[in-house]
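Working notes, structure below.
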2 protein chains.
Amino acid sequence: MLAAAIELFSEKGYHNVSMYEIAQKAEFSIGTIYKFFKNKEGLYKSLIVEQADRFHDALTNAIEETDDEIEKLRNYVKTKSKVFKDNVSVVRLYFAETRGASFNIKAGLDCEIRERYGRFMHTLALIFENGMKNNRFRKIGRPYDLAVALDSVCNGFLLLWLESPEQNPYPENPDVILNIFFKGLVDP
Amino acid sequence: MLAAAIELFSEKGYHNVSMYEIAQKAEFSIGTIYKFFKNKEGLYKSLIVEQADRFHDALTNAIEETDDEIEKLRNYVKTKSKVFKDNVSVVRLYFAETRGASFNIKAGLDCEIRERYGRFMHTLALIFENGMKNNRFRKIGRPYDLAVALDSVCNGFLLLWLESPEQNPYPENPDVILNIFFKGLVDP
DNA sequence: TCAAAATATGACGTATCATCCATATTATGA
DNA sequence: TCATAATATGGATGATACGTCATATTTTGA
């Protein structure tokens, strides 16, 4: 049932999907949906929160797999790629909620998702902070700024890939993305 | 009239704004709106395209103001900040259309806006390409990738700033962003 | 086997809106 | 000044869709 809703919301957007459509696709009746969810908004909300948590959990696990800061970042980029590629339809919704301005639901959802996203960003920032403390990284910016920057770049590439996967492949090698940060553009 | 629509769409989203509301705010009657625009979708479309063009024109001009590649990038970052700060409500819509998955309109608009965005991204990529040709920049990645990366980072910071302007100020100094690219994170 | 509980159904009440168009208002210019 | 053109208005209309609930179906267990 959630799967049907995800696919439809992802394809047409919250306001362009009717409960009738969802019921059809899920092979349930409308009434049954209302047994599981308070209303349409509740369905969407629980769907988004569940999926966002899945993403963040996977990313957090990837980071914690090793102690080496550079390897952590590599794992992060790789996992982000993998998880997103395996969940294309969810990614569209995830981006709509975390990156773009989501107008799907009047208010309230944004806060919850954004808060979780913010917490994860702090986890990411910690890698840069530690890397700077033990001199693996040069102090070229605030750790949180670097975390935002890295995540933004990954999202940028993922967005291109979403638009036209064959024309804009998400780099297989995480270093294509990381080198933008690791190697300076101008000579030191 | 466009101003009223922008504000409402930006605040509540396409589907949560009625023509009645727009008419009220614009101090016109509903019928008059239909004299100027074919329908609600037409209103939104012309509004978005016009604003996106304004943004891209301003950014293109900023880039063309100087011949120095580094200075071009500085102008880009600075102008992006300025234009966006002066048009907060529009930015939300612009992001929804170019960054997040826009579900406001069934189809067609995406293409037009995205295409313009893509064209601009090529302009930006040209700076990196030229900079590499004349050895101002090291060849740390494909020019187009670097353009996407820089734009994504700016967008990332702008998004934070949109969420809570006082807690996450968009860096006054463009080098805070550019140094992420200019200076390598790890020792060469 | 069958009655009672649990669950599923989908037609319907109600509300909202986009859009149209008959009418009213304003502008023009002779 | 007034007839005619141009423009503005907002109530009427029809379509869509959420959420309910009386009814139907299935499951349970005695």
Side-chain angles (χ1 to χ4, degrees), chain A residues 1-51 89-90 92-93 96-97 101-113, chain B residues 1-51 89-90 92-93 96-97 101-113:
Chain A
M1 195 155 91
L2 281 171
I6 287 176
E7 200 127 331
L8 285 169
F9 283 142
S10 155
E11 192 187 332
K12 310 167 72 172
Y14 183 78
H15 289 285
N16 295 317
V17 173
S18 69
M19 293 303 268
Y20 175 77
E21 277 180 286
I22 297 173
Q24 285 273 312
K25 185 147 192 167
E27 291 179 331
F28 275 97
S29 71
I30 290 179
T32 306
I33 296 182
Y34 282 88
K35 282 267 147 55
F36 289 85
F37 303 97
K38 190 166 162 285
N39 48 30
K40 191 181 178 184
E41 206 165 299
L43 167 59
Y44 184 78
K45 224 164 139 166
S46 67
L47 180 158
I48 284 289
V49 170
E50 183 189 310
Q51 296 297 324
S89 56
V90 183
R92 285 173 61 82
L93 295 178
E97 294 301 329
S102 165
F103 299 124
N104 289 331
I105 287 194
K106 292 186 207 313
L109 177 57
D110 309 34
C111 305
E112 202 166 341
I113 297 262
Chain B
M1 196 155 93
L2 281 171
I6 287 176
E7 201 129 327
L8 284 169
F9 283 142
S10 156
E11 192 187 331
K12 310 168 74 172
Y14 183 78
H15 288 286
N16 294 318
V17 172
S18 69
M19 293 303 268
Y20 175 78
E21 277 179 287
I22 297 173
Q24 285 274 312
K25 186 149 191 166
E27 292 179 329
F28 275 98
S29 71
I30 291 180
T32 306
I33 297 182
Y34 280 88
K35 281 269 149 54
F36 288 87
F37 303 97
K38 190 166 162 283
N39 49 30
K40 191 182 178 183
E41 202 167 305
L43 166 60
Y44 184 78
K45 223 166 143 168
S46 66
L47 181 158
I48 284 289
V49 170
E50 183 190 311
Q51 296 297 323
S89 57
V90 182
R92 285 173 61 82
L93 296 178
E97 294 301 329
S102 164
F103 299 124
N104 289 331
I105 288 196
K106 291 187 210 311
L109 177 56
D110 309 34
C111 305
E112 201 166 342
I113 296 263

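We use all heavy atoms of the structure for the numbers below, so side chains are in, but hydrogens, waters and symmetry mates are not. Note on naming: letters A, B, ... go to the chains in the order of the sequence lines (proteins, then strands), and numbering restarts at 1 for each one.
- The CD1 atom of A:Ile30 sits 11 Å away from the P atom of D:dA17 (whole-angstrom rounding).
- Mapped onto DNA chain C by nearest heavy atom, B:Lys35 and B:Val17 fall at different nucleotides, with B:Val17 at the one closer to the 5' end.
- Taking atom CD1 on A:Ile33 and atom P on C:dT9, their separation rounds to 10 Å, with Å as the unit.
- Both A:Tyr20 and A:Gly31 lie near DNA chain D, and the one whose nearest nucleotide falls closer to the 5' end is A:Tyr20.
- Two residues are said to be in side-chain contact when any heavy atoms from C-beta on lie closer than 4.5 Å; B:Leu43 and B:Leu2 meet this criterion.
- Atoms CZ (A:Phe28) and C1' (C:dT7) sit 11 Å apart, rounded to a whole Å.
- Dashed line: the shortest gap from a side-chain N or O of A:Tyr34 to OP1 or OP2 of D:dG19 is under 4.0 Å.
- Counting to the nearest Å, the P atom of D:dG11 and the CE atom of B:Met19 are 17 Å from each other.
- Following rounding to the nearest Å, B:Phe36 (CZ) and C:dT19 (P) show an atom-to-atom distance of 17 Å.
- Nearest nucleotide to the B:Ser18 side chain, out of D:dT9, C:dA18, C:dG10: C:dA18.
- Side-chain atoms of A:Leu8 and A:Lys25, non-hydrogen and from C-beta on, do get closer than 4.5 Å to each other.
- The distance between atom NZ of B:Lys12 and atom C1' of C:dC17, rounded to the nearest whole Å, is 13 Å.
- In terms of phosphate contacts, A:Thr32 brings a side-chain nitrogen or oxygen within less than 4.0 Å of OP1 or OP2 of C:dT9.
- A cation-pi arrangement is present between A:Lys40 and A:Tyr14 under the rule of less than 6.0 angstrom and at most 45 degrees off the ring axis.
- One interatomic measurement links the two molecules: CD of A:Gln24 to P of C:dT9, which rounds to 11 Å at whole-angstrom precision.
- Atom C1' of nucleotide D:dT16 and atom NZ of A:Lys40 are separated by 11 Å, given to the nearest angstrom.
- Using a distance-only test at 3.5 Å, with no hydrogens or angles considered, no donor-acceptor pair links the side chain of A:Glu7 to the main chain of A:Ala4.
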